[in-house]
Amino acid sequence: MTEATAIASFRRVSPAILASARMAMANDIPDTSKSEISLLLKKAAPILGIDGTTYHVLDILLGLSRGDDWKGAGRPIVAISNAKLAEYTLRSERTVTRCLRRIVEAGIAAYRDSPTGRRFVYRDNDGMVASGFGLDFTPARVRLAEIKESVDNYQRELKASQDARRAVTRFSRAIIDACEAFPEKADSWRCAAQAIMEMTVSRAEQASRLESLHSEVLEYAESRFDQHNMSCAGDIGVTSIINTTPKNLSDSNERTRSHERDIKKTDDGSAAEMAYENKPEAAVGDTQSRPRQAEKTVGDIQGAVLAAVPVGLLQVGCRAAQECVSVEFDGWSDVVGAAEMMRRMIGLSEAAWADGVGRVGRYAASAILATVLEKSLRDPELIAKPGGYFRAMVDRAVDGSLHLSKSLYGLAESGMNTRNG
DNA sequence: GTTCTGTCCGTGATGCCGCC
DNA sequence: GGCGGCATCACGGACAGAAC
């Protein structure tokens with residue numbers, strides 16, 4: 001079916017709209033399924049610059065498309081009035097108009113306008129579109145492979161960036177510990193590490209340089225260990241200093257160890273308690289006690305939220321969210337690592353996310369985020385504003401009235417029912 | 001300060017209805 | 001049948017307020 005894609009005269013046409021219109025006229029378009037394209041476009045939303053209300057509108061449009069139209073000679077044309085979309089999204093018609101324009105300019109749909117601009121679809125007896133006017137998602141079919149590749153690249157880059165960030169943290173901490181073990185080298189190592197951190201290079205490059213510095217630190221530690229062994233040959237009860245976190249190991253670990261590592265050890269409720277971002281420590285003097293007091297409050301809130309939320313519950317309750325971000329919640333590091341992607345998926349601003357993290361802690365905020373994403377994926381119409389929903393849950397967490405485990409048990413149960421049914 | 005959203009107003013095309 | 005009036009639907013521009 002090759003049919004010229006009409007654009008109404010009243011429409012202000014941009015190059016992006018024209019490009020989408022051209023793609024909508026393509027032949028030999030690849031087959032796909034409604035579920036595959038829906039999932040792919042949701043994953044690609046951050047890349048395509050689609051979030052918030054536009055994402056909601058896109059979700060509704062994809063839901064209204066017919067499965068058969070995504071195969072063969074079909075054309076996935078969706079006809080729904082702006083008024084209906086406004087009703088579904090709880091937005092004004094003007095906003096819906098803007099959202100539709102964004103979707104078209106993102107290159108995944110094209111305008112197929114009737115002379116009046118009204119949208120309608122007539123189908124023949126076989127159910128094929130005989131005459132259709134509305135939003136044509138043929139461009140999404142045409143770009144199927146390209147979008148897949150973009151999503152893969154995006155997720156690879158995101159993972160590389162996360163890995164680099166973790167490496168920077170890991171090596172920085174190891175170097176700081178080494179500074180305590182070898183005070184004679186502390187100044188030079190600190191300066192070198194500081195210089196690397198202040199470089200305007202990529203996170204991966206920083207990680208690489210810190211790794212080199214860390215290797216030097218280890219070499220020095222080994223040489224000192226050899227000297228020590230030689231001078232102490234024959235002694236009994238010699239303590240090795242090769243460990244960069246020596247005599248005060250436990251203390252150092254309390255301060256610097258990776259929460260992710262700790263949390264991964266257990267999957268029961270106690271993991272949450274270990275996940276406090278700011279673990280209360282013994283009083284260390286008046287000058288430090290006040291900020292620590294504030295940190296402890298965040299830790300308390302986080303502990304209260306996560307007390308009954310093992311990561312396994314998130315894994316079972318948030319299936320759709322995991323699928324959507326292509327991350328398995330095997331450990332808390334996975335949940336926290338996927339937070340950026342999930343934040344984009346629900347259209348939450350960076351500032352709102354940072355605020356949430358500051359108020360309830362990174363782990364609790366990530367768990368809340370996963371729950372909101374899961375709910376919005378399962379029933380977009382139930383949560384008109386996922387960002388607002390997230391903020392409300394954070395407020396409740398601060399008030400102590402949030403019971404995340406109940407929500408997750410409910411999601412886990414309904415998820416199982418859906419699969420079984 | 002920027003972005004998002006809602007409101008108001010004007011334009012264009014068509015369909016429906018009543019009147020001549 | 002032709003005409004005019006009205007309603008409907010969709011759009012864009014401008015502006016103001018809210019949210020971030």
Side-chain angles (χ1 to χ4, degrees), chain A residues 4-21 24 45-61 64-65 77-122 130-137 339-360 362 365-366 368-369 372-373 376 380-381 383-398:
Chain A
T5 298
I7 299 178
S9 58
F10 51 72
R11 209 177 286 286
R12 188 170 51 86
V13 179
S14 67
I17 290 175
L18 272 180
S20 293
I47 311 168
L48 297 167
I50 292 173
D51 60 4
T53 309
T54 310
Y55 181 87
H56 194 178
V57 170
L58 173 64
D59 196 44
I60 292 169
L61 293 176
L64 288 171
S65 69
I77 298 172
V78 180
I80 178 174
S81 69
N82 288 346
K84 273 284 169 208
L85 280 172
E87 189 185 324
Y88 291 158
T89 56
L90 298 177
R91 300 280 175 212
S92 68
E93 291 181 36
R94 185 75 185 92
T95 298
V96 167
T97 303
R98 289 177 182 130
C99 292
L100 294 177
R101 191 179 177 88
R102 278 186 211 125
I103 289 170
V104 172
E105 291 191 328
I108 55 174
Y111 289 118
R112 185 178 283 269
D113 292 328
S114 67
T116 62
R118 282 175 168 76
R119 303 181 190 123
F120 54 89
V121 174
Y122 293 133
S131 175
F133 299 100
L135 272 298
D136 184 355
F137 278 92
E340 173 64 15
M341 186 78 155
M342 295 192 288
R343 178 186 74 74
R344 287 166 185 262
M345 297 298 259
I346 69 162
L348 182 70
S349 70
E350 282 184 44
W353 167 242
D355 179 60
V357 170
R359 295 174 71 199
V360 303
R362 186 167 296 278
S366 300
I368 291 172
L369 193 55
V372 174
L373 176 60
S376 70
E381 288 173 31
I383 301 178
K385 298 177 182 175
Y389 200 91
F390 171 82
R391 281 190 286 275
M393 287 181 85
V394 168
D395 286 343
R396 287 173 58 197
V398 173

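Side chains are part of it too, since the values below use all heavy atoms of this structure and drop only hydrogens, waters and symmetry mates. Numbered from 1 within each chain, the chains take letters A, B, ... in sequence-line order. These numbers were taken from a predicted model, which means no experiment stands behind them.
- Salt-bridge formation is detected for the pair A:R359/A:D395: a Lys NZ or Arg NE/NH1/NH2 atom is positioned less than 4.0 Å from an Asp or Glu carboxylate oxygen.
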Worked check of side-chain contact (heavy atoms from CB on, under 4.5 Å) between A:F133 and A:V121: CA-CA 6 Å; A:F133 299 100; A:V121 174; over 6 Å; no
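- Whole-Å rounding puts the A:R91 CZ to B:dT7 P distance at 12 Å.
- In this structure, A:T95 contributes its side chain and A:R91 its backbone to no donor-acceptor pair below 3.5 Å.
- OP1 and OP2 of B:dT3 both lie 4.0 Å or more from every side-chain N or O belonging to A:R102.
- The shortest distance between the side-chain N/O atoms of A:N82 and the OP1/OP2 oxygens of C:dC9 is not below 4.0 Å.
- Residue A:S114 places no side-chain N or O under 4.0 Å from the OP1 or OP2 atom of B:dT14.
- Residue order along DNA chain C, read from the 5' end via each residue's closest nucleotide, puts A:S81 first among A:S81 and A:R391.
- Following rounding to the nearest Å, A:H56 (NE2) and B:dC4 (P) show an atom-to-atom distance of 17 Å.
- For the pair A:E93 CD and C:dG12 C1', the interatomic distance rounds to 14 Å; values are reported in whole Å.
- If you take CD of A:E105 and P of C:dC11, they are 13 Å apart, rounded to a whole angstrom.
- Salt bridge A:E87/A:K84: present, at least one basic N to carboxylate O contact under 4.0 Å.
- With rounding to whole Å, A:R101 atom CZ is found 16 Å from B:dT5 atom P.
- The phosphate of B:dG6 (OP1 or OP2) has a side-chain N or O of A:S92 nearer than 4.0 angstrom.
- For A:T97 and C:dA10, the shortest distance from a side-chain N or O to OP1 or OP2 is not below 4.0 Å.
- When the P atom of B:dT14 is taken as reference, atom CZ of A:F120 falls 11 Å away, rounded to whole Å.
- The base of C:dG13 lies close enough to the side chain of A:R94 for a donor and an acceptor atom to sit less than 3.5 Å apart.
- Nucleic acid contact class of A:R98 (heavy atoms, under 4.0 Å, all strands): base.
- Side chains of A:R119 and A:N82: a donor on one and an acceptor on the other come within 3.5 Å.
- Comparing A:R118 and A:I17 by the nucleotide of DNA chain C whose heavy atom lies nearest to each, the residue mapping closer to the 5' end is A:R118.
- The OH atom of A:Y111 sits 12 Å away from the P atom of C:dA10 (whole-angstrom rounding).
- Atoms CD1 (A:I103) and P (C:dC11) sit 12 Å apart, rounded to a whole Å.
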